[in-house]
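Each remark here refers to the structure printed beneath this line.
Numbering starts at 1 and runs along the sequence shown. FYI, side chains are in, hydrogens and waters are out, and symmetry mates aren't considered; it's all heavy atoms of this structure. Atoms within each ligand, like the ligands themselves, are counted from 1 in listed order.
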Amino acid sequence: MKKTENLRRILTCDDLSFIMEAHSALSARIAEESGFEALWASGLSISASLGLSDRNEASWTQVLDIVEFMADHTKVPILLDGDTGYGNFNNVRRLVRKLSQRGVAGVCLEDKVFPKMNSFIGAEHGLATIGEFCGKLRAAKDSRQDPDFCIVARVEALISGCSMEEALARADAYSEAGADAILIHSKKSDGQEILEFCRRWNRRCPIVIVPTKYYRIPTSVFRDAGVSCVIWANHSLRASISAIRSITRKIHRQQAVADVEHEIASLDDVFFLTNEFEVQEAERKYLAC
Ligand code: SPV
Ligand code: MG
């Protein structure tokens with residue numbers, strides 16, 4: 001099955017599915033190895049791994065290069081967090097064409113204004129008008145090189161303090177404009193606005209959620225609410241920060257590495273994750289004796 005078809009299946013099938021964040025080829029491979037069927041190329045995590053804030057400081061071609069490494073290194077489909085599309089409808093068209101060329105299975109576009117900032121910082125988030133954002137979605141749809149390339153429309157109305165009615169009206173317009181799924185985002189920790197949105201949306205098209213702040217809500221509640229897909233949006237990045245910090249502090253303290261050897265990945269693991277053994281086999285096959 002093509003990656004695009006596979007992502008479409010994951011987004012639209014009746015079972016609740018799970019997408020894991022990745023921000024590099026290596027983290028993508030590890031998430032795939034853990035059993036995830038699809039990956040979220042997170043804007044926050046890619047930016048953070050470059051030491052940048054999640055405010056479109058990284059250029060779109062820098063993001064594209066990273067997501068290409070991720071796609072090359074994995075078989076599962078990748079949904080790119082495309083932020084606002086890095087400009088207007090014209091930037092969106094070019095982005096979608098390039099993503100298709102580089103093996104990315106779908107893009108999520110959010111209805112904020114460029115440059116965006118992360119939904120969990122600040123209170124003021126400028127929203128695009130419904131008309132402008134629908135134009136971007138239609139442009140994205142018309143630029144697909146493959147009819148299965150997925151377009152997810154992310155509604156930021158609740159993040160920017162608008163009403164539930166506004167969020168529903170936006171989702172409705174985006175679905176009409178051709179979005180394959182709606183990502184409804186919330187920064188509240190009780191998950192109530194997500195559940196109300198799901199109730200009132202009534203499965204009009206697939207719903208994607210990102211339970212970063214409302215992580216305490218059991219997964220079964222989302223399944224019962226009719227959510228199609230959960231994105232664990234930053235947990236690989238955060239796990240790596242904790243692990244690296246803990247180990248480097250220990251090494252610094254002890255001025256030795258003997259005590260950490262059993263806590264870190266083996267070199268063989270690194271070689272395995274980077275296809276070294278396959279290259280060795282290829283050497284036997286292709287290098288002149
Ligand atoms: C990201 O992972 O970059 C997202 C999700 O957009 S969040 O940071 O939760 O808004
Ligand atoms: Mg993002």
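For atom 2 (O) of ligand 1, the closest non-hydrogen atom on the protein side is S42 OG, 2.7 Å. With respect to atom 8 (O) of ligand 1, the closest heavy atom belonging to the protein is N118 ND2, 3.0 Å. Among all protein heavy atoms, the one lying closest to atom 9 (O) of ligand 1 is F120 CE1, 3.0 Å.
At a heavy-atom cutoff of 4.0 Å, ligand 1 is contacted by no atom of I231, backbone or side chain.
The distance criterion of under 3.5 Å between nitrogen or oxygen atoms is not met by K116 with respect to ligand 1. Looking at G43 next to ligand 1, an N or O pair under 3.5 Å apart turns up.
Ion pair R55/E57 not flagged as a salt bridge, since none of the NZ, NE, NH1 or NH2 atoms sits closer than 4.0 Å to an Asp/Glu carboxylate oxygen.
Side-chain contact check for I78 versus V67: some heavy-atom pair is nearer than 4.5 Å.
Aromatic pair F89/F133: centroids not less than 6.0 angstrom apart.
Residue contact check: L44 has heavy atoms under 4.0 Å from atoms 1 (C), 3 (O), 8 (O) of ligand 1. Applying the 4.0 Å criterion to heavy atoms of V210 picks out, from ligand 1, the atoms 9 (O).
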Going through the distances and angles, do E32 and T74 end up as a side-chain hydrogen bond (donor to acceptor under 3.5 Å, both in side chains)? CA-CA 7 Å; E32 176 182 54; T74 46; 5.1 Å; no
Walk me through whether R93 and N90 qualify under side-chain hydrogen bond (donor to acceptor under 3.5 Å, both in side chains). CA-CA 5 Å; R93 294 198 300 182; N90 200 31; 2.9 Å; yes
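Proximity of R154 to ligand 1 is established by a heavy-atom distance of less than 4.0 Å. Remark: distances from the non-hydrogen atoms of H185 to ligand 1 include one below 4.0 Å.
For the residue pair S119 / E156, a side-chain donor-acceptor distance below 3.5 Å is found, with atom types taken as modelled.
Although no hydrogens or angles enter the test, the distance criterion places a donor-acceptor pair under 3.5 Å between the side chain of Q62 and the main chain of S59.
Residue contact annotation: E110 places no N/O/S atom under 2.8 Å from the Mg ion (ligand 2).
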